[in-house]
Amino acid sequence: MIRQDFNRIDAKRRNVVDHRKKQFADPSFKETQYPHRLNFYATPPTADITLEQFEQWAIDRLRVLAEIEACSFRNKTPAETATHMKPLLDKYLPLDTNSSSSSQLHAQRQKDHYSHFILRLAFASTEDLRRRFARVETMLFRLRLAADDMRERTAFVQSLNIDWEPVSDEEKREFRVQLAATSSLNYGKKNQQLQEDESWCKVDWDRVPDLVEGRRVFVRAGKAYVPAREQQSMVVSEFTTQLEKSLELTARALPRLDEDDRLTPILNHLSKNFVTPDASYTGTGAAIDGAEMTARNVDNLSQYFPMCMSNLHRTLKRDSKLKHYGRLQYTLFLKGIGLNLEECLLFWRQSFNRMTDDTFNKDYRYNIRHVYGDVGGDSNRRSGGYSPYSCQRILTENAPGTGEAHGCPYRHFNAENLATLLQSSGVNDRSVLQGVQEDNEKKKFHMACNRVFEHIHRNELKRAREDGVMTAAQLETIVHPNEYFKRSYLLKNMGKKQPGGGGGDVKMEG
């Protein structure tokens, strides 16, 4: 006989709130208020958003983080990084100040808040992802903190409730000589007023050993007097510490998300994109103005190809054949640069010159038409066929096997074969080859590709920057083979007259 405990509360019983008190109850899920531009991301968001917002907000933030990481690998100074990132932040992750009185303040800060936590879920699964995410988020926070208004930054720091003791005005006057010495200010009436206007705080000296070592703080009775400008490094350090702890907690909670079949695929996709940011090619598939997109001219255009497509083109010329994934990757690329279906069929027929027409029509013609959306189901025809592969997809899907030429040479070639391929393409600079090898060891394959691009186009890039024809979009890290081709062609033909008597110059486009 089973003993029943009638005192136990039924787990399925609803917790009914008195209807007279319900209107005064504090809701569990509510909109978060954002009084400050900056955020320590200590409180998870609780309001509802759509799945489209969930994915798009995360992708936009991922673009920003990837570009910041690219700046660090290129050894850009903080000033250069800030200049480079400003248009990208304005485009993908804008954050206006309180003084701007913008009507989009709440929406901007909500997107920033949610996108951080979405990526935190995506990148908490492994130690490597957690470490990289914390590093790039810290770089973004430092960038924003340095650009923030002094008054708003001070208000934000004060709202953090960090264990700091503010220095009173009496102490400032009492130790003004010592404070002036440590803050590199010459003591005088003008600088005395400047020093008194600056905010100071006291912390245990062992929390700022780097500042003590550099004699940038005044130490008394075990306390270090830290000026406002040095507090930035302390705030950034506190941000990193809290984020690393939060990522550890998030990693423990991840198994609970396995049952949610809506979010898990999105999060897995985002984590894969951290190898290189995903980018769907935004081109229309139309040929670039001035470029002859015909089957006979593909060989001439191959000088503008990235290494992945250049390798496919050379293999096709040498062997007069490519295996399935190589044909698919190359056909989609040719489609993306503007080669139409008729010219593409002609190109492949001329390239497969060791087979009969019947064999080509039977084994290959239909697949090419299917890629272009000329045949197949209604959805395939309506969508115009397949989209060109991004770097992320080439890196993470269908690794090449024996006898196959598709994939990314920076990832799938060994060091010796990669060096041979680069040298055959005109890259002989020892420092560039060494840099590519280091990028590959760090699994920064897209950075290796961008390094080669910048070396090959170094003269054109210099001229474009000097003439002011490079926009922010053209300075972004290349993460798509078709974008590589477009940028390469425009740079190499910058200022040249278009054929056909058009008389116009080839111009850089977004």
Side-chain angles (χ1 to χ4, degrees), residues 67 70-71 73-77 80-81 83-88 276 279 281-283 286-293 297-311 313-314 333-334 336-338 388 391 408-410 418 421-436 439 444-500 502-510:
E67 197 63 29
C71 289
F73 278 98
R74 293 174 180 176
N75 296 320
K76 289 184 178 289
T77 64
E80 292 173 338
T81 301
T83 303
H84 178 80
M85 291 302 304
K86 188 180 185 306
L88 301 179
T276 178
Y281 185 57
T282 56
I288 300 174
D289 290 341
E292 181 188 350
M293 293 298 175
N297 199 42
V298 170
D299 190 54
N300 179 51
L301 294 173
S302 64
Q303 61 182 303
Y304 310 113
F305 288 2
M307 287 299 160
C308 52
M309 302 305 166
S310 179
N311 179 57
H313 183 76
R314 294 181 185 193
F333 172 78
L334 294 175
I337 68 175
C391 293
C408 173
Y410 299 101
L418 178 58
L421 176 63
L422 291 173
Q423 289 170 352
S424 65
S425 302
V427 182
N428 297 301
D429 189 285
R430 183 170 299 180
S431 63
V432 175
L433 295 174
Q434 180 63 30
V436 168
D439 290 335
K444 293 294 178 184
F445 309 110
H446 66 297
M447 290 304 305
C449 184
N450 278 268
R451 186 187 297 274
V452 171
F453 178 88
E454 292 175 358
H455 173 72
I456 294 175
H457 303 84
R458 57 191 181 278
N459 296 328
E460 292 80 8
L461 285 169
K462 180 180 179 182
R463 178 186 165 194
R465 291 191 180 99
E466 291 175 350
D467 294 346
V469 297
M470 292 288 288
T471 65
Q474 287 131 18
L475 289 172
E476 289 186 40
T477 302
I478 298 174
V479 291
H480 202 292
N482 290 85
E483 182 61 34
Y484 185 109
F485 169 82
K486 178 181 179 181
R487 203 175 298 185
S488 176
Y489 182 88
L490 292 173
L491 283 169
K492 290 292 186 180
N493 293 276
M494 186 169 47
K496 294 182 180 179
K497 299 294 182 181
Q498 298 182 16
D505 293 342
V506 176
K507 298 180 180 179
M508 298 297 294
E509 298 176 353

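Keep in mind that this is a model prediction, so the values were computed, not measured. Reckoned from all heavy atoms, side chains included, excluding hydrogens, waters and symmetry mates.
- For Gln423, the side-chain hydrogen bond (donor to acceptor under 3.5 Å, both in side chains) test picks out no residue, with sequence neighbours left out.
- Taken from CG in Leu433 to CG in Asn428, the straight-line distance is 7.0 Å, to the nearest 0.5 Å.
- Applying the side chain to side chain contact (heavy atoms under 4.5 Å, CB included) test to Cys449 and every residue at least two apart in sequence or in another chain returns Tyr410, Tyr484.
- Note that NZ of Lys486 is 12.0 Å distant from CG of Leu491, once rounded to the nearest 0.5 Å.
- In this structure Gln303 satisfies the side chain to side chain contact (heavy atoms under 4.5 Å, CB included) test together with Asn300, sequence neighbours excluded.
- Judged by distance alone, the side chain of Asp439 and the main-chain N or O of Phe445 form no donor-acceptor pair under 3.5 Å.
- Here CE of Met447 is found 5.5 Å from CG of Asn450. Values are rounded to the nearest 0.5 Å.
- A donor-acceptor distance shorter than 3.5 angstrom exists from the side chain of Asn493 to the backbone of Tyr489, with no hydrogens or angles considered.
- Using a 4.5 Å cut-off on side-chain heavy atoms (C-beta onward), Pro481 and Phe333 make contact.
- A pairwise comparison of heavy atoms in Val452 and Met307 identifies CG1-CE, 4.2 Å as the closest pair.
- Rounded to the nearest 0.5 angstrom, Leu301 CG and Ile288 CD1 are separated by 8.5 Å.
- Here the straight-line distance linking atom NE2 of His455 with atom CG of Leu422 works out to 9.5 Å at 0.5 Å rounding.
- Shown here are the side chain to side chain contact (heavy atoms under 4.5 Å, CB included) partners of Thr83, two or more places apart in sequence or in another chain: there are none.
- Residues passing the side chain to side chain contact (heavy atoms under 4.5 Å, CB included) test with Lys492 are Tyr304, Ile456, His457, Glu460, Ser488, sequence neighbours excluded.
- Inspection of the Ser302 and Arg314 side chains reveals no N or O donor paired with an N or O acceptor under 3.5 Å.
- Taking the charged nitrogens against the carboxylate oxygens, Arg487 and Glu483 do have a contact shorter than 4.0 Å, which makes a salt bridge.
- Residues His446 and Thr477 meet the side-chain proximity criterion, which asks for heavy atoms closer than 4.5 Å.
- For Glu80, the salt bridge (Lys or Arg N to Asp or Glu O under 4.0 Å) test picks out no residue, with sequence neighbours left out.
- Under 3.5 Å, the side chains of Ser431 and Arg451 contain no donor-acceptor pair of N or O atoms.
- Side chains of His313 and Asp299 form a contact here, defined as non-hydrogen atoms less than 4.5 Å apart.
- Not a single donor-acceptor pair under 3.5 Å links the side chain of Ser310 to the backbone N or O of Pro306.
- Between Met494 and Leu490, every side-chain heavy-atom pair lies at or beyond the 4.5 Å cut-off.
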